[in-house]
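Atoms within each ligand, like the ligands themselves, are counted from 1 in listed order.
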Amino acid sequence: MKIGFMGAGEVAQAIAKHLLPFGHQVMLSNSRGPDSLADVVKELGAGAIAGTLQQVAEQDIVVLATKWHTVQSVLFAVPDWKGRILVDTTNRVTSYTPVILGDISGRTSSEIVADLAPGAKVVKAFNSVPMIWLQDFSPSKPKTAFFVSGDDADAKKVVSDLIDEIGFCSLDLGSLAVGGRIYQLGGPLLGVNLSLNDRFVL
Ligand SMILES: NC(=O)c1ccc[n+]([C@@H]2O[C@H](COP(=O)([O-])OP(=O)(O)OC[C@H]3O[C@@H](n4cnc5c(N)ncnc54)[C@H](OP(=O)(O)O)[C@@H]3O)[C@@H](O)[C@H]2O)c1
């Protein structure tokens with residue numbers, strides 16, 4: 001698959017490194033243009049390229065991996081989502097020192113993302129685990145569980161299958177409104193590290 005990343009930071013690079021060994025192609029983007037990512041894509045190696053936000057939005061799956069305060073402008077750069085799958089990895093932190101959370105008015109942050117990307121099939125994934133836990137890129141890496149939620153069953157299956165294929169374990173928690181709340185910022189499953197132990201798989 002061709003997977004585009006809106007963002008090229010910690011989340012984008014970590015997920016890209018897990019995708020590349022399985023033959024997927026990744027395209028990363030940032031606010032400074034593709035040339036500024038030359039070293040990053042070189043470091044990632046074969047299968048990685050840089051592009052514009054618009055080029056990223058044309059890939060088979062698009063991963064939103066920017067800080068919350070940029071989400072609106074990043075998503076508005078794409079005029080028509082054409083039914084594409086948009087994986088929301090974000091958490092609604094607008095400032096880290098001091099910590100300030102973005103207003104979501106009682107909804108879930110991924111519902112806000114879906115509102116800002118009309119026509120996209122939003123799947124919430126990868127947001128609840130710090131990337132520092134995912135730095136083993138070897139074939140024997142831990143089978144970390146990732147919660148998945150979304151309102152389009154087919155899109156959710158595509159993302160879940162991809163998570164499983166690259167050596168992790170997807171756990172479907174339902175819709176963005178119900179499931180998303182459980183592992184978004186402030187939810188009971190945020191920062192929970194579940195790893196399937198192969199010794200118990202029959
Ligand atoms: N880090 C984690 O462990 C972790 C885990 C789970 C979820 N998250 C969430 O995932 C999201 C990304 O976190 P991160 O740690 O990867 O952040 P990060 O390292 O700061 O990366 C953010 C990326 O977004 C890019 N960006 C900023 N403005 C942009 C724009 N207008 N258009 C395109 N790209 C733009 C930045 O590049 P330039 O500034 O160079 O443009 C940078 O490459 C956040 O919402 C965070 O809460 C993080």
Under 4.0 Å to a heavy atom of E10 - the qualifying atoms of ligand 1, by number
1 (N), 15 (O), 16 (O), 19 (O)
Other residues, nucleotides, ligands: >12 heavy atoms within 6.0 Å of D39 CG:
no
Report, as yes or no, whether the 6.0 Å neighbourhood of atom CD on Q55 holds more than 12 heavy atoms from other residues, nucleotides or ligands.
yes
Exam field: side chain Y183 to backbone L173, donor-acceptor pair closer than 3.5 Å
no
Proximal ligand 1 atoms for A8, defined as those under 4.0 Å from one of its heavy atoms
23 (C), 42 (C), 43 (O)
Just jot down the ligand 1 atoms closer than 4.0 angstrom to any heavy atom of R32, in number order.
38 (P), 40 (O)
Starting from atom 22 (C) of ligand 1, what is the nearest protein heavy atom, named by residue and atom, and what distance separates them?
A65 O, 3.8 Å
Using a strict cut-off of 4.0 Å, indicate which atoms of ligand 1 neighbour a heavy atom of T70.
28 (N)
Using a 4.0 Å cutoff against the non-hydrogen atoms of V74, which atoms of ligand 1 qualify?
30 (C), 31 (N), 32 (N)
side-chain contact (heavy atoms from CB on, under 4.5 Å) between H24 and E165: does it pass, once the steps are laid out?
CA-CA 11 Å; H24 298 290; E165 184 210 333; 3.0 Å; yes
Which atoms of ligand 1 have any heavy atom of L53 under 4.0 Å away?
32 (N), 33 (C)
Among all protein heavy atoms, pick out the one at the shortest distance from atom 48 (C) of ligand 1; state its residue, atom name and that distance to 0.1 Å.
V11 CG2, 3.3 Å
Would you check whether L185 reaches within less than 4.0 Å of ligand 1, judged by its heavy atoms?
no
Between T89 and N127, do the side chains contain an N or O donor and an N or O acceptor separated by less than 3.5 Å?
no
Taking both backbone and side-chain atoms of M131, is any N or O found less than 3.5 Å from an N or O belonging to ligand 1?
yes
Decide, yes or no, whether a salt bridge links K121 with D151 under the criterion of side-chain N to carboxylate O below 4.0 Å.
no
Are L194 and V159 joined in one hydrophobic group, where the rule is that I, L, V, M, F, W and Y side chains link up if heavy atoms are under 4.5 Å apart?
no
Is it true that D172 and S149 share a donor-acceptor pair across their side chains at a distance under 3.5 Å?
no
Could you list which atoms of ligand 1 come closer than 4.0 Å to a heavy atom of Y96?
47 (O)
Is R84 paired with E58 through a side-chain N to carboxylate O contact shorter than 4.0 Å?
yes
May I ask you to identify the nearest protein heavy atom to atom 21 (O) of ligand 1, giving residue, atom name and distance to one decimal place in Å?
G9 CA, 3.3 Å
Does the side chain of S138 come under 3.5 Å of the side chain of S140 through a donor N or O and an acceptor N or O?
yes
Contact check: S73 vs ligand 1, nitrogen or oxygen atoms, below 3.5 angstrom:
no
Per-atom filter on ligand 1: closer than 4.0 angstrom to a heavy atom of V129 are 5 (C), 6 (C)
Tell me whether the guanidinium CZ or amine NZ of K124 lies under 6.0 angstrom from the six-membered ring centre of F146 and within 45° of its axis.
no
What protein heavy atom lies closest to atom 36 (C) of ligand 1? Include the residue and the distance to one decimal.
N30 CB, 4.4 Å
Using heavy atoms and a 4.0 Å limit, tell me yes or no: is N127 in contact with ligand 1?
yes
N or O pair under 3.5 Å between P130 and ligand 1:
no
Atom 44 (C) of ligand 1: which protein heavy atom is closest, and how many Å away?
T66 O, 3.3 Å
Which residue supplies the protein heavy atom nearest to atom 41 (O) of ligand 1, what is that atom called, and how far is it?
S31 OG, 2.4 Å
If you scan protein heavy atoms around atom 25 (C) of ligand 1, the nearest is G7 CA, 3.9 Å
Indicate, as side chain, backbone, both or neither, the part of T89 found under 4.0 angstrom from ligand 1 when only non-hydrogen atoms are considered.
both
Could you list who else is in I49's hydrophobic cluster, with ILVMFWY side chains joined at under 4.5 Å, directly or through other members?
M6, M27, L53, V56, V62, L64, W68, V71, V74, L75, F76, V78, W81, L86, I104, I112, V113, L116, V122, L176
Is it the case that ligand 1 has an N or O less than 3.5 angstrom from some N or O of K67?
yes
Pairing of D161 and K157 as salt bridge, 4.0 angstrom limit
yes
